[in-house]
Amino acid sequence: MQKKEDMNIVIVGHVDHGKSTLMGRLLADTDSLPEGKLEQVKETCRRNSKPFEYAFLLDALKDEQSQGITIDTARCFFKTEKRDYIILDAPGHIEFLKNMITGASRAEAALLMIDAKEGVQENSRRHAYMLSMLGIRQIAVVINKMDLVDYDEKVYESVKEEYLEFLKQINITPKFVLPVSSFMGENIVKKSDKMPWYDGMCILEVLDEFECEEDHANQPFRMPVQDVYKFTRNGDDRRIVAGTIETGTIRIGQEVVFYPSGKRSHIKNIEVFNADPIEVGVPGMAIGFTMEEQIYITRGEMMAIEGEPRPKTASRIAANIFWLGKKELVPGKMYYLKIGSEKVKMELESVKGVINSSNLSSTDEKQAVAKNEVAECILRTDKPIAFDLVEDIAGTSRFVIVDDYEIAGGGIITEALSDEEQEIRESAMLRNYKWESSEISVEDRIEHYAQRPTMVVLTGPENVGKKKMAKLLERELMNCGRYVYYLGMGSFLYGVGADTKKSDIQDHTEQIRRFGETANLLLDAGIILVVTATGLTQSDYKIMKTVIESEFEIVWVGNQLTTDISPDMQLEDKDYETGIRKIKDMLKESGFIFKA
């Protein structure tokens with residue numbers, strides 16, 4: 001027998017407009033509740049002298065019971081003859097908008113609930129705007145609580161006209177608008193005789209009329225790398241690249257490419273937890289892969305199949321953002337952007353326009369985004385990220401922004417923008433694609449040397465003791481058994497980079513790029529590389545970050561910062577003993593050196 005379709009539906013709307021009641025009704029009236037559950041809840045209400053409500057069928061949290069509002073995104077499951085449904089009840093209260101976004105981000109279609117008596121409220125507009133931003137286009141407007149207005153057609157038409165006018169302004173055209181009474185069960189699973197003036201479908205028929213999104217299995221393959229696991233016990237030497245498949249299908253033997261690095265390999269085996277290996281991986285599977293060619297990749301990379309449309313890679317993006325933070329989103333402050341399994345530092349470069357999501361008033365004069373505002377922004381990350389545009393693969397275009405350890409906003413990427421490192425990034429990706437890996441893996445070198453390869457860059461003004469501190473650090477690390485090498489930028493420039501100094505105008509970008517490539521080779525050999533350079537800038541850092549595969553640390557030596565670089569540590573000039581101790585502690589705490 002062929003498996004029925006699955007569909008995720010989200011129900012959104014202002015607080016107390018009847019979302020949970022509708023879900024409870026759908027469960028009860030389609031006989032989808034566990035046996036005896038309805039009677040149990042009714043009996044509990046009777047014992048507590050509390051009127052029974054269908055919303056109580058969903059209220060699992062004590063706080064929800066006491067406050068009468070939905071705090072988290074509840075889920076319920078029921079079936080029609082056509083398909084199996086997962087219905088997500090997203091919170092309507094303004095304080096729980098973050099939870100609402102979490103629920104809506106997984107949906108293929110949405111029901112927007114409006115209380116016929118209260119009419120269109122602030123969150124009715126705000127939720128619709130968020131659905132628009134998340135790329136959800138299949139929407140039905142459900143005008144609820146018609147029993148409270150005596151099933152009056154004029155009230156229904158008035159609310160409908162007001163809301164459709166708003167939706168038109170944000171380019172949403174609902175497929176259906178229908179009147180219901182969730183509490184009384186009118187127009188839920190069958191047409192109501194209380195509203196003879198309405199000749200459309202009931203809720204259940206509307207749900208079956210929604211169309212499933214393109215089968216994720218037919219889209220280009222995407223899997224954010226969650227982690228890489230190395231096995232050592234009982235002769236098991238597997239390295240398993242693990243994650244959850246977002247879209248696409250993958251088979252043993254296919255060539256895969258990881259973005260943004262551009263590294264490639266072939267699938268040797270497809271592993272699943274506590275079961276035999278399988279031949280094919282499909283969307284939704286939490287899965288692992290072993291590779292034919294051993295390559296070093298890290299959490300956050302996006303796995304794709306060679307020959308299929310590739311994801312975008314950039315460190316500068318245009319995005320639509322919905323801001324929920326207590327403090328404004330402002331330029332010049334460092335945030336974290338999380339997309340897939342990647343987490344990178346991010347700055348707001350500029351605000352193209354800010355829109356009030358309740359009344360759609362807009363301005364292009366603001367350069368900050370306040371709570372509950374929607375904005376078109378340009379963001380800059382400290383290293384390239386891999387993603388898709390919302391019109392191509394919605395799931396891999398969505399991201400959240402973290403401020404002070406809390407999710408403060410979310411959005412979708414609308415465009416990959418060019419940046420100063422684009423040409424260098426393409427060159428590094430081609431290098432990685434063509435790279436011939438050694439038979440000795442990165443993990444083997446880490447285990448052998450008891451250290452992870454890294455570069456420590458000591459920068460700052462002239463005459464602050466950078467070179468002496470670097471050489472003393474090299475000696476100290478070697479005395480501790482470290483595999484370490486000191487390289488001064490001057491030594492490089494008069495050797496490998498000599499030709500970049502011959503022209504009248506020195507090619508500074510090429511000098512930094514070429515230095516990065518040299519450092520990348522030494523780091524690939526497993527070395528801790530200690531480097532000195534005068535007055536590095538944030539632009540220099542971004543070039544290095546684009547070229548160098550391994551992590552590295554920037555240490556500013558000197559009492560005052562004189563460039564725009566953001567160092568990982570700042571040391572006083574010529575305080576060698578303290579400086580070396582602090583750098584060693586940093587290397588230990590970051591996991592670059594394992595033993596004293």
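Taking CD1 of Ile378 as the reference point, atom CD1 of Ile317 lies at 10.0 Å (rounded to 0.5 Å). The CZ atom of Arg431 sits 9.0 Å away from the OG atom of Ser261 when rounded to the nearest 0.5 Å. A distance of 8.0 Å separates CD1 in Ile321 from CG in Leu337, rounded to the nearest 0.5 Å. Atom CD of Glu426 and atom CD1 of Ile424 lie 11.5 Å apart (nearest 0.5 Å). Separating the CG atom in Asn218 from the OG1 atom in Thr249 is a distance of 7.0 Å, to the nearest 0.5 Å. Summarising the geometry, atom CD belonging to Gln138 is positioned 11.0 Å from atom CG belonging to Leu111; distances are rounded to the nearest 0.5 Å.
Ile393 places a side-chain heavy atom less than 4.5 Å from the side chain of Pro220. In this structure the side chain of Phe399 reaches within 4.5 angstrom of the side chain of Ile401, judged on heavy atoms. Counting heavy atoms from C-beta on, the side chains of Pro260 and Glu301 come closer than 4.5 Å. With a 4.5 Å cut-off on side-chain heavy atoms, Ile250 and Ile305 count as touching. The closest side-chain heavy-atom distance from Ile203 to Val142 is below 4.5 Å. Looking at heavy atoms from C-beta onward, Ile252 lies out of side-chain contact with His266 at the 4.5 angstrom threshold. You'll find the side chain of Met113 reaches within 4.5 Å of the side chain of Ile11, heavy atoms only. Using a 4.5 Å cut-off on side-chain heavy atoms (C-beta onward), Tyr335 and Lys345 make no contact.
When all heavy atoms of Glu306 and Val257 are compared, the pair lying nearest together is OE1-CG2, 3.3 Å. For the residue pair Thr454 and Phe552, the shortest heavy atom distance occurs at OG1-CA, 3.6 Å. The heavy-atom pair separating Ile287 from Ile245 by the smallest distance is CG2-CG1, 3.9 Å. Contact record, Ala386 with Met302: CB-CB, 3.7 Å, taken as the closest heavy-atom pair. The minimum heavy-atom distance between Ala525 and Tyr483, with the atom names listed, is O-CE2, 3.6 Å. Heavy atoms only, all atoms of each residue included: Thr290 and Glu271 are closest at CG2-OE2, 4.0 Å.
Between Tyr449 and Phe594, the distance from one ring center to the other does not fall under 6.0 angstrom.
Thr381 places no side-chain N or O within 3.5 Å of a backbone atom of Pro384 that could act as its donor or acceptor partner. Checking side-chain atoms of Glu209 against main-chain N and O of Lys175 turns up no donor-acceptor pair under 3.5 Å. In this structure, Ser397 contributes its side chain and Ala394 its backbone to a donor-acceptor pair below 3.5 Å. Without hydrogens or angle criteria, Thr414 side chain to Ala318 main chain gives a donor-acceptor distance under 3.5 Å. Side-chain N or O atoms of Arg239 include none that pairs as donor or acceptor with a backbone N or O of Glu443 at under 3.5 Å.
With respect to the salt-bridge test (charged N to carboxylate O, under 4.0 angstrom), the residues Glu421 and Lys383 do not qualify. Salt bridge Glu205/Lys190: absent, no basic N to carboxylate O contact under 4.0 Å. Ion pair Glu349/Arg380 flagged as a salt bridge, since at least one NZ, NE, NH1 or NH2 atom sits closer than 4.0 Å to an Asp/Glu carboxylate oxygen. Using a 4.0 Å cut-off between charged side-chain N and carboxylate O, Glu342 and Arg299 make no salt bridge.
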Apply the test salt bridge (charged side-chain N to carboxylate O under 4.0 Å, His left out) to residues Glu551 and Arg452: give CA-CA distance (whole Å), side-chain angles for both, the deciding distance (0.1 Å), then the verdict.
CA-CA 9 Å; Glu551 300 173 68; Arg452 285 169 53 215; 2.3 Å; yes
Quick one, Thr244 with Met285, criterion side-chain contact (heavy atoms from CB on, under 4.5 Å). Give me CA distance, side-chain angles, the key distance, then yes/no.
CA-CA 5 Å; Thr244 299; Met285 278 188 172; over 6 Å; no
Could you give me the CA-CA distance, side-chain angles and deciding distance for Arg264 and Ile295, then say whether side-chain contact (heavy atoms from CB on, under 4.5 Å) is met?
CA-CA 8 Å; Arg264 62 180 172 85; Ile295 55 175; over 6 Å; no
Tell me, with the steps shown, if Phe258 and Tyr296 meet ring pair (Phe, Tyr, Trp, His ring centres under 6.0 Å).
CA-CA 10 Å; Phe258 295 87; Tyr296 181 69; over 10 Å; no
Take Tyr259 and Arg310, measure what side-chain contact (heavy atoms from CB on, under 4.5 Å) needs, and give me the verdict at the end.
CA-CA 9 Å; Tyr259 295 96; Arg310 54 180 275 190; 3.6 Å; yes
Could you go through Val228 and Ile297, starting from their C-alpha distance and side-chain angles, then the distance that decides it, and tell me whether this counts as side-chain contact (heavy atoms from CB on, under 4.5 Å)?
CA-CA 8 Å; Val228 180; Ile297 56 173; 4.1 Å; yes
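A side chain to side chain contact (heavy atoms under 4.5 Å, CB included) with Asp388 is found for one member of Arg222, Gln219, Lys312 and no other, namely Arg222. For the salt bridge (charged side-chain N to carboxylate O under 4.0 Å, His left out) with Asp419, the lone residue among Arg425, Arg316, Lys545 that qualifies is Arg425.
Phe221 and Phe289 have perpendicular rings, their planes meeting at more than 60° on a 0 to 90° scale where under 30° would count as parallel.
For the residue pair Ser265 / Glu293, a side-chain donor-acceptor distance below 3.5 Å is found, with atom types taken as modelled. If you check the side chains of Glu549 and Asn432, you find a donor sitting under 3.5 Å from an acceptor. Using modelled atom types and a 3.5 Å distance limit, the side chains of Ser182 and Asn144 yield a donor-acceptor pair.
Taking the ring centre of Tyr336 as origin, the terminal cationic atom of Lys343 falls inside the region bounded by 6.0 Å and 45° from the ring axis.
Atom CD of Glu423 sits in a sparse spot, with 12 or fewer heavy atoms from other residues, nucleotides or ligands closer than 6.0 Å. With a 6.0 Å radius and a threshold of 12 heavy atoms from other residues, nucleotides or ligands, Lys268 has its NZ atom at or below the threshold.
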